[in-house]
Each structure stands twice: as C-alpha cells, then as structure tokens.
Number of protein chains: 2
Amino acid sequence: MAVTMNDVARAAGVSLKTVSNVINNYEFIRPATKQRVLDAIDELGYETNLTARSLRSGKTSMLGLVLADLSVPYYAELASDIMKAAWSRGYRVLVEQSGNETEHEKAALQGPFRSLTDGLLFIPLSLDAEQIIAAAGSKPLVLLGEFVQDPRLDMVLIQNQEAAAAVTAHLLAGGRRRIAVLGAHDGDTTGSNGLRLDGYKAALTAAGVEYDPALVVPCNWRRDAGADATSRLLDSGVEFDAVFGLNDVLALGAMHELLLRGRKVPEEIAVAGFDDIDESRFASPSLTTVAPGRAEIAERAVELLIQRIESKDAVHTVQQPEAAFELRVRQSAP
Amino acid sequence: MAVTMNDVARAAGVSLKTVSNVINNYEFIRPATKQRVLDAIDELGYETNLTARSLRSGKTSMLGLVLADLSVPYYAELASDIMKAAWSRGYRVLVEQSGNETEHEKAALQGPFRSLTDGLLFIPLSLDAEQIIAAAGSKPLVLLGEFVQDPRLDMVLIQNQEAAAAVTAHLLAGGRRRIAVLGAHDGDTTGSNGLRLDGYKAALTAAGVEYDPALVVPCNWRRDAGADATSRLLDSGVEFDAVFGLNDVLALGAMHELLLRGRKVPEEIAVAGFDDIDESRFASPSLTTVAPGRAEIAERAVELLIQRIESKDAVHTVQQPEAAFELRVRQSAP
DNA sequence: CGCAACATCTGCAACGATGTATGCCGGGCC
DNA sequence: GGCCCGGCATACATCGTTGCAGATGTTGCG
C-alpha cells in the first residue's frame with residue numbers, strides 16, 4: 001500500500017504529528033529533526049494523501065468550473081486561463097460540462113460535486129438568478145458570462161454594450177449602413193445577447209442610422225447556426241452590407257457561408273465578431289472582433305472566488321468588476 | 001455544519017450503517033425502512049461527502065487527464081469527449097495542463113495529483129517511455145497521442161501512417177505532385193510527426209512520386225507556426241502545389257498565409273490537414289482533413305482505463321487499440 | 001418443535017491526515 | 001532556588017464514510 005505519515009514517522013524516529021508539522025512548515029522544529037523527516041520522506045517516497053487532508057481540514061483546494069461544453073472555443077480558452085490562474089494560487093480546477101441543460105446546471109450546483117470543491121465559477125445558461133441562489137446555498141460562487149445579472153451575486157462582467165457599440169461604430173465608420181446582427185432576437189434586452197444588441201442599437205442611434213429589426217436574426221451561438229442564419233438572410237432578399245456575429249464562431253460561420261455563396265468579404269460584405277478567440281486571428285480573411293479581456297476575466301474571477309472562500313464568514317459586499325475590452329481590427333472589416 | 005449520515009440516521013430512527021446501506025443500494029433493506037431513510041435524506045438535504053467516501057474506500061472516482069493546454073482546439077474537443085465518456089460511467093475528470101513542460105508532466109504523474117485520481121489519461125509530449133514508466137509507478141495509466149510508443153504501456157492509437165497516406169494519396173489523385181509538409185523534420189520517424197511523415201512518404205512511393213526533403217518544413221504545431229513556415233517556404237522559392245499540415249491548425253495557419261500572399265486555394269495550392277477539428281468544416285475555404293475518430297478514441301481510452309482501475313490486481317496484457325479514421329474531403333483540396 | 005437458512009439491521013474499527021491540549025526541557029528573571 | 005516562558009515534540013480525538021463481523025428476527029421444513 002501507499003506510504004503514510006505513520007511510516008515516515010517510524011522511519012525518522014519521531015511522532016506522526018511531527019511529520020505533519022514538517023510538511024505544513026510549522027515554525028518550531030529543530031533543523032536536525034526537520035532534516036531527518038525530510039530524508040525519510042524522500043527515501044520512502046511519501047506523498048501526502050490529499051483526500052485525507054481534505055476530510056480533516058474541510059478544504060479541497062479545488063474550484064469547480066461549470067460551463068456548457070469545452071468544445072466551444074471561447075469556453076476552452078477561458079477554462080485554460082482560469083486553470084492557470086487557479087494553479088498559481090494553489091488551487092486546482094474541476095470542470096463540469098452542463099451541456100447547457102437546466103438539470104445538469106442544477107446538479108452541478110447542488111449535487112455531490114459541491115463537496116469536492118471549495119467554491120464554484122459558474123457560467124449559467126439556463127438557470128435564472130433565483131434558481132442559482134436557491135441551489136448554491138452558502139457555497140462561495142462567482143458567476144461569469146452575462147446571461148444572469150443580479151445585484152445579490154458576485155460576478156465578473158464583460159462590457160457587452162460598450163464593446164458591441166465599438167464594433168458597430170467601427171463598421172459604421174467603414175461606411176456600412178445595413179448591418180445584420182446574428183444571434184439575438186429583436187426583443188432581447190438581457191443576457192449577453194440583449195446587452196450586445198443594445199450596444200449595437202446605441203451605436204446606430206449615435207450615428208443617426210435607423211434600426212431595422214429585419215436585420216436581426218436569432219440563432220444559437222454556434223458555427224453552423226451562423227452559417228444557416230446567413231443563408232436564410234441571403235435567401236430572404238434583405239439587403240445588408242455587413243454582418244455582426246454576437247460571438248466569433250457565429251461570425252466565422254457567417255463568413256463561411258458568404259464566401260461559399262460568392263460574396264466578397266469585406267468588399268461587398270464586412271464581417272465582425274465578438275470574443276477574439278485564437279482562431280479569428282488566422283481565419284481567412286482574419287476576423288475583426290472585440291477582445292473581452294479573457295485573461296483579466298479569468299484572473300479576477302479566480303481571485304474573487306478565492307477571496308470569498310478564504311474569508312468565508314466575513315461580511316462582504318457584492319462585487320461585480322468589469323473587464324476592459326479592446327477592438328481588434330482585421331481583414332474582414334478593415 | 002453540513003448534514004452527515006449520523007443526522008440522517010437519527011432522523012430516520014435507524015443506524016448510521018443502514019443509511020450507508022441505503023445510499024449504496026445494499027440489497028437487503030425493507031422497502032419501508034429504505035423509504036424512511038430516503039425521506040430523511042430529502043428532508044435534511046443530506047449530501048454524501050465524497051471526500052470522506054474517498055478516504056474510506058480508497059477510490060476517488062476521478063480520472064486525471066494530462067494534456068498540454070486546453071486552448072489547443074484538438075485537445076479541448078478531445079477533453080470534452082473524454083469527460084462525457086467518463087461521466088456516463090460514473091467518473092469525473094480532473095484536467096491538468098502540462099504546458100508541454102517536462103517538469104509539469106512529471107509533477108502530474110508523481111505529485112499529489114496522483115492521490116486525487118484513480119487513474120490517468122496522459123498525452124505525453126516531452127517525457128519518454130522510461131520516464132513515464134518510472135514516474136507512474138503502479139497507478140493505472142493509458143496514453144493518448146503517439147509521441148511515445150512502447151509495448152509495455154496501454155495506449156489508444158491513431159492510425160497515423162494510414163491516415164496521412166490517405167490524405168497524401170488524395171492530394172496526389174488531385175494531380176498534385178509537389179506536396180509540402182508542415183510540422184515534421186526530415187529525419188523524424190517516431191511520434192505523431194514521424195509516423196505521419198512516414199505515411200506521406202509511403203503514399204508518394206506508391207504513386208511513383210519522388211520524395212523531396214526540401215518540401216518538409218519543421219515547426220511547432222500551432223497556427224502561427226504554420227503561417228510562418230508557409231511564409232518561409234514561399235520566400236525560399238521552392239515550388240509546391242499543395243500543403244499538408246500535420247495537424248489542422250497548422251494547415252489553417254498555412255492557408256491563412258497563402259491567401260494573404262494572394263495564392264488561390266485550392267486552384268494554385270491545395271491544403272489539407274489532420275484532426276478534423278470543428279473549425280475546419282467552417283474555414284474558408286473549408287479544410288480537407290482526416291478525422292482520427294476522436295469520439296472513439298475518447299470512449300476506448302476511458303473504457304480501457306476504467307477496466308484497469310477496476311481490476312487493478314489482475315494480470316493483464318497490454319492493450320493498444322487503434323481507432324478508425326476517415327478522410328473528409330472539402331473545398332481546400334477537392 | 002427445533003433448527004437451519006435467510007433476510008435485515010447494527011456496532012466497531014479503520015481510512016490518513018490535522019487541531020487541540022499538553023508535556024518536557026533548558027535558560028533567564030526575580 | 002523557584003518560576004515562568006519559549007522552543008520543540010507528543011498523544012488523543014476527530015473529520016464522514018465504508019468494510020467486516022456479527023446480532024436479531026423470520027421463515028420453512030424435516
């Protein structure tokens with residue numbers, strides 16, 4: 001079986017607790033004793049059993065990350081950043097894919113998954129604020145993404161409106177007047193889609209361009225959906241000289257379809273997205289988009305969550321920091 | 001504090017052990033008793049403490065997955081599939097990013113990470129077989145990717161040679177004779193790069209086309225490296241009418257550079273890749289590539305690993321199943 | 001009726017670590 | 001000289017669960 005502290009203690013001729021103290025860097029240990037213990041650890045190849053430590057200490061040093069699916073590039077890249085941020089602070093990340101299903105999201109918040117983590121980073125897609133609050137109980141929780149907004153919950157925000165307005169303004173500055181929007185419904189006002197649509201509208205208004213609901217095409221935030229939506233738009237006969245995909249994969253799907261149908265990008269139709277995933281830089285043509293500050297989001301979210309975990313009982317005011325965004329002008333909309 | 005089995009036992013008027021038995025679906029429990037326990041669990045909102053369970057049972061029901069970085073699309077998609085496969089068998093996945101660094105890879109195999117998982121899925125990039133065997137000890141282990149091959153280790157294989165040969169043959173069938181290869185070194189014979197290069201050579205030989213080392217460009221398997229390599233190739237004046245990227249992002253990077261330099265794809269230069277990541281289907285033009293059977297790889301790897309875990313002491317012969325591949329012909333090389 | 005065989009439930013110890021309380025030793029202070 | 005204190009090490013209980021070995025009750029059958 002595995003080597004335990006007991007074995008090390010015996011080998012070093014000290015008590016079990018002294019071994020524990022050495023491992024936990026207890027201050028008052030004679031250098032000689034410490035060395036003897038360390039040698040024994042080395043010799044026996046002892047490894048602390050994190051499970052036992054967790055049971056005793058009540059902490060697992062793991063953060064849960066609940067998101068829809070890692071195969072979505074934005075989530076994968078965000079997850080990567082979050083893991084790095086957590087790692088550098090001594091925490092690991094346990095990822096749970098919700099598949100965007102209500103039941104899975106609930107299960108992730110409530111289920112046995114809870115007991116494995118000290119706190120949760122959650123990108124909600126189908127639960128609302130009430131459900132989240134009810135399900136999370138007292139477990140430290142930080143939300144990401146903007147599908148849920150609530151003054152009672154800690155979350156790291158993206159400047160959806162401002163960033164979307166910046167993209168739209170850029171397209172307008174390039175002379176485009178009929179900018180199609182993929183991924184929102186005409187009436188949307190909340191969630192990432194609603195907020196980004198708002199930004200779009202605000203930029204139109206600021207430029208004195210009329211808003212036309214016919215240009216707003218609802219669809220899932222996926223490549224194929226973006227392509228389909230574009231196809232439908234082209235078939236419908238609605239005129240447009242630019243496409244704004246509310247995320248990058250949508251925009252890339254749209255661009256694919258446009259080129260397939262023989263439209264020139266950006267000469268005839270400009271395309272812009274939102275997220276700045278790695279792929280966008282190397283698309284052909286490369287995609288104009290807005291970087292929502294992914295690394296910053298990851299850092300802040302992890303930091304905020306750990307802060308909540310480590311001062312669990314302290315009273316605290318809700319925090320909702322906003323990450324800075326940056327417009328990335330590329331070939332698809334110069 | 002949290003509700004424990006003891007609380008449930010008291011509430012239901014049974015012994016602690018009976019609660020445990022109910023939870024673990026022990027056969028011989030009177031339906032009435034079972035119901036009473038379940039009601040108590042419901043009422044108190046009891047959740048089994050997985051940490052304690054793990055300590056006692058010696059199993060964590062978690063699989064470790066060690067890979068370079070989730071921001072690499074192929075890894076992200078594979079991770080997603082692996083998590084689904086594991087989940088459906090009652091296991092969770094703890095991902096560890098090695099960043100392709102030897103020390104991190106070693107730490108993942110040896111460090112405290114070990115005690116958190118029942119077994120490891122490992123995509124080695126810098127450790128060799130000896131180091132892996134030494135570091136892994138007796139922990140169940142299944143390798144993925146082909147940078148390491150060894151008859152002593154369980155692994156799930158891709159048909160690198162055959163698949164690369166199929167891609168090359170397809171390009172040859174399309175009339176291409178000067179096919180550049182990105183991502184391998186002329187001398188490579190082992191690892192994914194060597195095997196794929198072998199397949200390329202075999203297809204050339206079969207078609208009676210001479211192999212020209214000048215067409216083989218070594219580079220990292222990343223988008224920007226693919227673009228750079230292509231740029232260097234164009235500058236060098238070497239003639240070529242097709243590019244075979246040893247993975248998709250390389251090919252996509254190459255395609256980006258080709259289009260940027262005004263070369264027509266596929267008219268002047270055809271492009272093909274390897275992996276069939278989601279993005280390739282919607283690239284412009286869409287990328288011809290080979291699907292290595294990702295879902296099957298994930299399934300097999302998880303199944304094999306779990307089999308090793310659950311029959312730990314049994315003698316077993318090494319298994320190295322191969323996943324079936326499939327050529328996906330698209331616009332970039334019709 | 002007695003006893004085996006089975007169904008149902010229980011108590012105790014243990015998994016491997018850490019927190020708390022405490023013991024012991026030597027030296028400085030009154 | 002006695003006392004206190006800081007430095008160092010230890011014993012014991014404990015975290016919440018499961019494995020093992022019974023204890024108890026119930027049924028069937030010779």
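Proteins get letters first, then strands, A, B, ... in listed order; numbering begins at 1 in each.
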Review point. How would nucleotides 17-24 of chain D be written as a contact map, 5' to 3', with B for base contact, S for sugar-phosphate-only contact and - for no contact, using protein heavy atoms under 4.0 Å?
Key: BBBB----
**Study point:** pair B:Leu127-B:Val148: side-chain heavy atoms closer than 4.5 Å
**Key:**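 B:Leu127 vs B:Val148: side chains apart.
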Practice item. Please tell me if the side chains of A:Glu299 and A:Arg89 come closer than 4.5 Å, counting only heavy atoms from C-beta onward. Key: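 A:Glu299 reaches A:Arg89 side chain to side chain.
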Counting only N and O atoms by type, is there a donor-acceptor contact under 3.5 Å from the side chain of [X] to the main-chain atoms of [Y]?
X        : Y       : result
B:Gln97  : A:Met83 : no
A:Ser115 : B:Leu50 : yes
A:Asp118 : A:Ser61 : yes
B:Asp69  : B:Ser71 : yes

[X] [atom1] to [N] [atom2], straight-line distance once rounded to whole Å:
X       : N      : atom1 : atom2 : answer
A:Lys59 : C:dA17 : NZ    : C1'   : 16 Å
A:Leu44 : C:dG16 : CG    : P     : 14 Å
B:Arg36 : C:dT8  : CZ    : P     : 14 Å
A:Ile41 : C:dA17 : CD1   : P     : 10 Å
A:Arg10 : D:dT10 : CZ    : P     : 14 Å
B:Asp7  : D:dG16 : CG    : P     : 9 Å
A:Arg30 : C:dG26 : CZ    : P     : 10 Å
A:Phe28 : D:dT10 : CZ    : C1'   : 17 Å

Review point. What nucleotide among D:dA11, C:dT10, D:dC8 has an atom nearest to a side-chain atom of B:Val14?
Key: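 That would be C:dT10.
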Point to revise | A:Thr18 side chain near D:dT10 phosphate (N/O to OP1/OP2, under 4.0 Å) | key: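 Yes, A:Thr18 has a side-chain N/O under 4.0 Å of OP1/OP2 on D:dT10.
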Which is true for [X] with a 4.0 Å heavy-atom rule: it touches a base, it touches only sugar-phosphate, or it touches nothing?
X       : answer
A:Thr51 : nothing
B:Ser54 : nothing
B:Ile29 : sugar-phosphate

**Study point:** Note: A:Arg10-A:Asp7 ion pair, threshold 4.0 Å (strictly below)
**Key:**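 Salt bridge between A:Arg10 and A:Asp7, a charged N being under 4.0 Å from a carboxylate O: yes.
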